[in-house]
There are 2 protein chains.
Amino acid sequence: MDRRQMLKVTAGVAAGLIIEVVEGPVADALPGAAEGLVALWDCFEVSLPGPADGNPFLEVTFAAKFSQGSRVLSVPGFYDGDGRYMVRFMPDAVGDWTYVTESNVPTLAGHKGGLRVVAASGNNHGPVRVAHRFHFAFADGKPYFPFGTTCYSMGFMGEPYETQTLDALRTAGFNKVRLCLMPKGQGSRPEPRLPFVKIPANDGRPSHFDAARFDPEFFRHFEQRVLDLQRMGIEADVILFHPYDGWGLKSMSAEEDDRYLRYAVARLAAYRNVWWSIANEYDLVKTRTMTDWDRHFQVVVASDPYEHLRSIHHSKVVYDHGKPWCTHASLQEYDFNKSEERRQAWGKPIVYDEIQYEGNIARRWGNLSAEEMTRRFWLATVAGAYATHGDTFLTPPGEPVWSDGGKLRGSSAPRIKFLREIVEGLPTAGLNEFVGAYYLSAGIEGQVYLYYFDFHALAEYDFPLPAGITFKGWLIDPFAMTRMELPGTYTGKTKGTSAVIDENVGQAAAGGTNHLVLPGRPGMAALFVRVGSSLRG
Amino acid sequence: MDRRQMLKVTAGVAAGLIIEVVEGPVADALPGAAEGLVALWDCFEVSLPGPADGNPFLEVTFAAKFSQGSRVLSVPGFYDGDGRYMVRFMPDAVGDWTYVTESNVPTLAGHKGGLRVVAASGNNHGPVRVAHRFHFAFADGKPYFPFGTTCYSMGFMGEPYETQTLDALRTAGFNKVRLCLMPKGQGSRPEPRLPFVKIPANDGRPSHFDAARFDPEFFRHFEQRVLDLQRMGIEADVILFHPYDGWGLKSMSAEEDDRYLRYAVARLAAYRNVWWSIANEYDLVKTRTMTDWDRHFQVVVASDPYEHLRSIHHSKVVYDHGKPWCTHASLQEYDFNKSEERRQAWGKPIVYDEIQYEGNIARRWGNLSAEEMTRRFWLATVAGAYATHGDTFLTPPGEPVWSDGGKLRGSSAPRIKFLREIVEGLPTAGLNEFVGAYYLSAGIEGQVYLYYFDFHALAEYDFPLPAGITFKGWLIDPFAMTRMELPGTYTGKTKGTSAVIDENVGQAAAGGTNHLVLPGRPGMAALFVRVGSSLRG
């Protein structure tokens with residue numbers, strides 16, 4: 001098995017039953033039954049031929065049990081069309097695993113095999129999990145700080161826009177993308193495929209779809225985009241439902257909804273970079289009740305053996321993110337001051353997944369300046385929370401806005417990347433909101449303090465650093481993207497302040513080991529890191 | 001009586017008993033008992049000699065009843081020191097008035113006289129009242145839109161700072177000043193006089209004051225500042241208590257507090273530009289309960305025959321401005337989105353009297369950029385409310401910040417003046433918040449629409465103007481202070497919009513009689529005025 005063959009397996013796009021002939025030293029080490037070699041958290045596929053008649057999506061069950069020692073994971077499979085049945089497996093432990101298939105069709109049941117799982121390498125750090133209660137980390141322990149963007153249609157909008165999207169993402173600096181699985185209207189661009197078989201217009205009825213028959217090609221195409229993101233180290237925050245369709249996708253029966261969820265999860269869950277966003281603006285989907293949304297969560301929980309992150313995104317009516325099946329809160333909000341209250345209420349990380357869009361369109365939500373978008377990322381960060389970017393500039397006729405996919409037009413992205421580099425360089429796994437100062441700040445008590453001054457255009461400040469600990473300091477211009485290392489070290493608490501205005505306010509701030517002269521313009525930041533700690537990266 | 005003599009009377013600074021010899025045509029028309037001629041809403045003084053022994057502040061009562069036809073106004077007088085007793089009267093109707101004095105000292109009681117009140121002229125529009133429920137107007141009906149600033153110490157801080165303050169106010173464009181009656185600490189500047197007689201340090205006790213004896217000279221000096229403001233057409237929002245004193249002024253007994261209030265109101269109420277602000281940051285005065293504050297209001301109500309505007313300003317605990325003695329809400333806040341809710345709750349005008357300060361000092365509240373201060377004034381305006389400016393830049397040692405008095409250092413003042421000119425030019429008496437659009441706007445339905453786009457950097461917009469009415473339009477840059485009259489006219493409602501993102505957002509906005517191309521940067525504004533209405537000024 002050469003390297004190219006291995007990649008074919010591990011990338012999860014094998015087209016048929018995988019019975020690879022493994023050669024050389026690796027093959028010598030495989031157990032008798034091993035069919036393949038896969039890296040930890042990569043995707044291993046089992047594919048079997050089976051019945052193609054009738055409606056296999058409704059009539060045939062297919063799954064596999066994967067075992068290692070006493071551990072057994074039940075992994076749902078799916079019908080991929082053309083008489084082909086598949087199970088995709090994402091191993092979470094190195095070593096040898098075996099599997100056995102299950103089906104209500106005898107020829108698909110009882111197939112056994114094995115695989116050898118080797119250590120991950122490169123940018124494979126496994127799926128992202130909640131860590132330190134309010135933050136995130138990859139399965140291998142590497143901290144993960146979401147700096148997301150939005151490309152709703154990148155999985156189905158067609159060329160040249162999907163390639164444009166990927167090209168832009170390769171350098172933009174985002175590490176999470178929110179994308180819809182169910183298509184949105186594409187205006188004057190070609191009509192997209194649907195997750196279901198389309199039925200052409202006839203007898204005066206417009207084109208519609210058969211909710212009982214999935215379109216595997218639609219999913220294969222979408223999966224390719226998820227894997228493209230994975231290769232770039234970008235998490236795919238897959239939106240399962242939304243209110244924006246023109247085909248009746250949001251008006252299926254509860255049974256059809258749940259079947260769609262099970263099918264989508266069976267196909268996608270073995271991709272380590274997948275997150276489940278049950279819906280975008282769930283409360284704008286008027287065809288469903290809160291009971292439906294809760295049930296959707298539960299279907300995903302039951303279908304996903306890997307427990308990928310799960311959330312739901314609202315328009316006006318905030319979901320109760322305290323419910324046990326939510327792993328984090330996904331908010332359409334930009335009142336970052338409420339972050340601490342929300343973290344305490346829900347006990348989970350807060351991701352501000354829609355903070356309006358950089359752009360210039362005539363929609364309330366679609367015309368932030370780059371400065372304002374940059375500001376909102378800083379505000380989220382110093383609130384101990386996370387944010388997601390979007391970009392909606394006026395485009396030539398027919399061309400999409402970035403938040404669907406295509407070209408990134410704004411200029412906040414490099415500023416967000418700059419902030420991401422600062423945060424990823426900190427010697428800490430997450431930033432907890434720090435409430436000891438006048439200004440917005442985040443950090444880890446005694447270790448790291450990151451201040452953002454927002455609209456405050458002060459000319460100097462005494463930073464309330466802990467006494468007895470010395471810090472190195474940096475003055476940061478978030479929009480100019482400069483980070484100036486300050487001479488000397490800093491320590492000590494500020495003097496008491498009072499609400500009394502007098503002419504001594506200036507002099508009171510002069511001198512002191514925690515004193516910093518600031519440029520007297522808004523939007524500045526300062527970072528203090530304990531001497532002895534080292535910045536990452 | 002020449003013009004200079006009349007001014008002496010009308011300015012209310014006459015030093016003795018006013019028995020003016022009135023000559024010429026005006027004199028001919030005076031009734032027999034008339035001692036003077038005074039313009040409507042100017043100040044007429046009666047001054048009588050009386051006892052100087054004992055403690056006249058405690059022992060002597062003095063007042064006068066002013067009558068015109070069946071109307072009788074009871075006007076409290078005061079002891080001005082040196083055996084002199086005064087009553088100041090602000091007539092609210094033209095024509096002839098008579099008075100008779102009252103006192104517990106026989107030689108001060110029963111003095112009768114008269115005055116002739118002539119029409120007001122120049123910038124004398126009378127005292128400001130609440131108008132149209134949420135707005136203000138002068139007594140003569142001219143709309144008054146507060147665009148205030150803060151010079152807390154301008155009444156007692158001494159030279160050269162008081163003159164500097166007046167010089168700056170002469171051109172700055174503000175039409176209201178918040179100033180403290182009770183002194184604040186002046187740091188390294190000379191110790192101010194107090195409203196009470198100071199008692200030098202002796203027997204190891206530091207200098208303090210005699211709460212039973214007022215210092216008339218302190219008040220005369222303060223009154224001169226109030227009259228200086230009046231001459232410039234600026235309202236004096238006189239703050240009666242505050243938490244910032246270093247002399248124990250906030251720790252007097254309830255009886256002493258109320259006597260101070262009665263004395264201050266007796267001296268100041270006849271100046272038409274006076275507003276009563278019961279306190280600044282009342283909730284930081286820890287020596288008083290809510291019952292005390294309510295009682296202070298009631299004392300002012302009982303002492304002021306002219307019913308000047310009354311409010312109280314908070315730090316963190318908002319007063320219940322719905323109480324009947326409050327004429328408007330005076331807030332330390334900048335959450336302008338809540339204005340409508342507050343107006344409905346209290347049924348009164350909202351004045352955001354502290355929205356933080358333009359400056360660069362290391363205090364949470366003291367370092368807004370000029371852009372941010374300008375922005376806050378626009379936000380207050382389109383919320384149908386009003387705002388007050390402040391300015392706190394670092395100063396050379398010993399020099400005060402503008403918000404105490406002295407030099408105005410920031411650059412938001414001309415922008416606030418620019419906004420004031422726009423608002424004063426509108427053919428409407430007040431701006432009601434208009435909630436029919438995505439963007440912040442204020443106006444009078446069908447007449448005037450003022451939009452402020454805040455952080456929205458949109459490149460075009462369809463304004464939801466009423467159909468069947470044509471409007472002239474202006475594109476306004478609030479910070480650059482430009483106002484471009486747009487060609488043609490505008491009319492009609494916007495198309496329905498939806499929350500769906502698609503690539504047509506740009507095209508949907510193209511064309512239309514309510515369509516405006518905007519510069520795609522934040523902080524812009526637009527104004528539409530019904531054709532046929534004319535702008536003032």
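To find a chain, count down the sequence lines: A is the first, B the second, and so on, and within it residues start at 1. Bear in mind the structure is a predicted one, so any value in this text is a computation, not a measurement.
Side-chain N or O atoms of His456(A) include none that pairs as donor or acceptor with a backbone N or O of Leu368(B) at under 3.5 Å.
Atoms CD and CG, from Glu460(B) and Asn367(A) in turn, are 11.0 Å apart once rounded to the nearest 0.5 Å. Atoms CZ and CG, on Arg521(A) and Asn360(B) in that order, are 13.0 Å from each other to the nearest 0.5 Å. How far CZ of Arg363(A) is from OH of Tyr461(B): 10.5 Å, rounded to the nearest 0.5 Å. Atoms CE and CZ, from Met373(B) and Phe455(A) in turn, are 10.5 Å apart once rounded to the nearest 0.5 Å.
Top candidate by heavy-atom pairs under 4.5 Å with chain A, chosen from Gly520(B), Ala459(B), Pro522(B), is Ala459(B).
When every heavy atom of Ala457(B) is checked against every heavy atom of Ser369(A), the shortest pair comes out as CB-N, 4.1 Å.
In this structure, the portion of Gln356(A) lying under 4.5 Å from any heavy atom of chain B is its side chain and not its backbone.
Few gaps surround NZ on Lys250(B); more than 12 heavy atoms of other groups in view lie less than 6.0 Å from it.
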